[in-house]
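Just below is one structure, and these are the notes that go with it.
Treat the numbers as computed from the prediction; the structure is a model and nothing was measured.
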Amino acid sequence: MNDLSGIKMQKEEGNRDSFKINNLPQVVFLSILSYLDLKDLGRASCVSKHWYNSTLDPCLWRKLKLQKRHKVDDEVLVRITNHGSAVSVLDVSECRSITEEGLLKALLQCKCLVDLSVVRCVAVTDNILSVIGQSCRNIRSLDISLCRVTDTGVKELCEGCVQLEKLTMDQCRSLTSNSLLSVAQNCPNLTFISVEYNDKIGDDGVHELVHRCPLLERLHLNSSGITSQTALFVAQCCRNIILLDLRYCSSLTDDEVKEVVNGCPYLQILNLSLCSHVTDKALDYIITRCASLRSLYLVHCKITDTGLEAFKRCVCKLERLDISWCQKVTDQGVHAVLEGCRHLKHLGLVRCDLVREETVMRLNQQFPQVFLSTVLTEMNRVCNRAELASLPGT
């Protein structure tokens with residue numbers, strides 16, 4: 001009998017000492033639930049009545065990340081946006097089952113929206129952009145890449161969303177420089193814009209943008225219709241720029257690069273890849289003058305060992321350098337980079353065919369902190385990822 005009493009007492013003491021999640025303060029419990037995505041949140045609602053009621057708290061539905069959820073249709077979207085009346089983040093990128101009507105209804109319910117992403121969403125039209133401009137005036141960040149919209153829609157959007165700070169419109173090939181004019185006239189707080197892969201975006205639109213948006217810090221113009229004139233506009237107006245992407249600006253020369261370097265003293269990331277007239281002369285100037293630079297991309301530029309020797313002469317804080325397809329670079333140039341860049345973590349050497357594989361292997365051992373990217377190392381990395389993905393439980 002005494003033994004039974006002892007066991008009972010131990011059990012009661014164990015119950016008192018054990019952790020019970022349902023006894024947590026509600027604010028703490030909701031904080032834990034906030035780390036779950038929508039799918040896991042639905043599963044958690046099945047645990048108990050307390051959990052079910054907790055998962056209905058509007059604070060858990062403020063960030064709706066539904067990208068690539070093909071089962072999300074109009075009914076689901078409208079229901080969850082109605083439930084989370086204070087939705088601040090909405091991502092329906094590549095949601096193929098949502099129609100224009102469903103997205104319109106959802107947006108009308110999201111008055112507090114500050115971050116919206118609708119990449120490759122077939123429901124997005126000029127009418128949707130107009131609704132965003134009228135109903136979602138607090139938006140700070142918007143991504144409409146790969147959407148079928150026109151300058152008219154962008155104009156109506158910007159007239160309402162004057163607080164926009166980040167705008168991405170990549171591969172919206174119906175847009176022209178008029179869209180940038182609308183952005184420039186209405187969004188003075190813009191710090192980030194990307195209009196990649198659109199040859200209808202020209203110098204005139206960029207000129208208005210950089211002139212009227214003094215807070216601009218990140219400018220992506222990869223494969224657009226700009227000329228070297230845009231580089232001069234940036235140099236004159238964008239002193240605060242920290243990221244500049246001018247890939248495929250075929251008319252860009254060393255002289256314009258010098259102007260950019262002089263006009264943008266805080267540059268941290270500069271991409272001049274596929275600018276075929278950029279040579280060692282520009283590289284020397286960049287290394288000498290850009291004290292803040294951390295990443296430099298010069299893929300398929302006219303860079304040789306002579307230009308890379310500049311790394312030995314300057315104190316450089318570069319962490320990432322890509323000189324892939326610079327086919328005059330040899331072992332000597334790679335040595336110069338690694339000896340001069342003490343902070344380097346990544347060096348792109350893909351199709352630098354004069355750099356020998358045995359040299360790469362030796363340098364990997366000598367500079368283990370730097371990843372040397374060649375055709376072979378990239379192939380090995382892909383194979384390793386494939387092997388990891390095939391393992392059970394991954």
Side-chain angles (χ1 to χ4, degrees), residues 228 231 235 242-378:
S228 57
I242 61 175
L243 183 154
L244 181 60
D245 187 347
L246 296 175
R247 274 177 288 175
Y248 241 120
C249 182
S250 58
S251 63
L252 190 71
T253 68
D254 294 339
D255 291 334
E256 283 90 29
V257 174
K258 285 184 178 181
E259 292 295 328
V260 168
V261 170
N262 289 330
C264 307
Y266 307 114
L267 263 178
Q268 296 178 17
I269 302 172
L270 179 61
N271 197 330
L272 303 176
S273 297
L274 300 163
C275 296
S276 56
H277 297 297
V278 173
T279 71
D280 290 337
K281 188 177 179 182
L283 175 59
D284 189 291
Y285 204 81
I286 292 169
I287 297 169
T288 306
R289 302 300 179 93
C290 284
S292 301
L293 200 65
R294 297 295 180 269
S295 299
L296 177 61
Y297 301 87
L298 297 167
V299 177
H300 220 305
C301 293
K302 293 181 179 178
I303 304 302
T304 69
D305 292 346
T306 303
L308 297 177
E309 287 291 328
F311 285 103
K312 287 184 176 180
R313 304 192 299 270
C314 305
V315 177
C316 181
K317 296 183 179 180
L318 208 62
E319 297 177 0
R320 190 179 186 95
L321 174 65
D322 197 340
I323 49 174
S324 297
W325 290 88
C326 295
Q327 297 186 340
K328 291 187 178 181
V329 171
T330 70
D331 297 355
Q332 179 184 345
V334 176
H335 273 286
V337 172
L338 293 174
E339 290 173 10
C341 295
R342 298 299 181 183
H343 300 275
L344 199 66
K345 298 177 182 177
H346 182 105
L347 177 58
L349 298 169
V350 174
R351 290 311 306 268
C352 292
D353 296 339
L354 297 180
V355 179
R356 296 173 298 171
E357 285 299 334
E358 52 266 33
T359 301
V360 173
M361 293 175 66
R362 187 175 68 255
L363 292 175
N364 271 328
Q365 296 177 347
Q366 187 178 351
F367 300 94
Q369 76 279 9
V370 183
F371 178 76
L372 301 178
S373 174
T374 66
V375 171
L376 185 59
T377 57
E378 290 297 335

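Using a 4.5 Å heavy-atom threshold, the side chains of Leu272 and Ile286 count as touching. In this structure, the side chains of Val334 and Thr359 stay at 4.5 Å or more apart for every pair of heavy atoms. In this structure, the side chains of Val257 and Thr253 stay at 4.5 Å or more apart for every pair of heavy atoms. Inter-residue side-chain proximity for Thr374 and Val355 is flagged as unmet; no heavy-atom pair is nearer than 4.5 Å. In this structure, Glu357 and Leu376 have side chains that are in contact, with non-hydrogen atoms separated by less than 4.5 Å. Taking the side chain as every heavy atom from C-beta outward, Arg320 and Arg294 never approach each other to under 4.5 Å. With contacts defined as side-chain heavy-atom distances shorter than 4.5 Å, the pair Leu344/Glu319 does not qualify.
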Determine, stepwise, if the pair Asn271 / Ser273 fulfils side chain to side chain donor-acceptor pair (under 3.5 Å). CA-CA 6 Å; Asn271 197 330; Ser273 297; 2.9 Å; yes
May I have the step-by-step check of side-chain contact (heavy atoms from CB on, under 4.5 Å) for Leu244 and Ile269, ending in yes or no? CA-CA 6 Å; Leu244 181 60; Ile269 302 172; over 6 Å; no
For a side-chain contact (heavy atoms from CB on, under 4.5 Å) check, start with the C-alpha distance between Phe367 and Leu347, then their side-chain angles and the critical distance, and finish with the verdict. CA-CA 11 Å; Phe367 300 94; Leu347 177 58; over 6 Å; no
Dump the intermediate steps for side chain to side chain donor-acceptor pair (under 3.5 Å) on Thr306 and Glu309, then the final yes or no. CA-CA 5 Å; Thr306 303; Glu309 287 291 328; over 6 Å; no
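Under the 3.5 Å distance criterion, the side-chain polar atoms of Ser251 are matched with a main-chain donor or acceptor of Ser228. Between the side chain of Asp284 and the backbone N or O of Asp280 there is no donor-acceptor pair closer than 3.5 Å. A donor-acceptor pair is defined here as one N or O able to donate and one able to accept, closer than 3.5 Å; such a pair exists between the side chain of Thr377 and the backbone of Leu372. In this structure, the side chain of Arg289 does not engage the main chain of Ile287 through any donor-acceptor pair within 3.5 Å.
Note that OG of Ser292 is 8.0 Å distant from OH of Tyr266, once rounded to the nearest 0.5 Å. To the nearest 0.5 angstrom, Leu338 atom CG is 11.0 Å from Lys312 atom NZ. Between atom CD of residue Gln369 and atom CZ of residue Arg342 there is a gap of 8.5 Å, rounded to the nearest 0.5 Å. Summarising the geometry, atom OG1 belonging to Thr304 is positioned 9.5 Å from atom CD belonging to Gln332; distances are rounded to the nearest 0.5 Å. With rounding to the nearest 0.5 Å, the separation of NE2 in His277 from CG in Leu252 is 9.0 Å. Distance check, rounded to the nearest 0.5 Å: CG of Asp254 to OG1 of Thr279 gives 3.5 Å.
Closest approach of Glu256 and Ala231 over heavy atoms only: CB-CB, 4.2 Å. The minimum heavy-atom distance between Cys264 and Ala235, with the atom names listed, is SG-CA, 4.4 Å. Between Ser276 and Ser250, the shortest heavy-atom distance links the atoms OG-O, 4.1 Å. In terms of heavy atoms, Thr288 sits closest to Cys314 at OG1-SG, 4.0 Å. Scanning both residues, Cys275 and Tyr248, for their nearest heavy atoms gives SG-N, 4.1 Å. Cys301 and Cys326 get closest at one heavy-atom pair: O-SG, 3.4 Å.
Salt bridge status for Arg351 with Asp353: present, with a side-chain N to carboxylate O gap under 4.0 Å. Of the charged side-chain nitrogens involved, none lies within less than 4.0 Å of a carboxylate oxygen, so that Asp305 and Lys328 do not count as a salt-bridged pair.
Checking Leu293, Asp245, Ile242 one by one against Leu270, the side-chain contact (heavy atoms from CB on, under 4.5 Å) holds for a single residue, Leu293.
Between Phe371 and His346, the two ring planes are tilted [angle within 30° to 60°].
Residues Ser324 and Asp322 bring a donor and an acceptor atom of their side chains to less than 3.5 Å of each other. In this model, a donor atom of one side chain and an acceptor atom of the other lie less than 3.5 Å apart for Glu378 and Ser373. A donor-acceptor pair shorter than 3.5 Å cannot be found between the side chains of Arg247 and Tyr297.
At most 12 heavy atoms of other shown residues, nucleotides or ligands fall within 6.0 angstrom of atom CD in Gln365.
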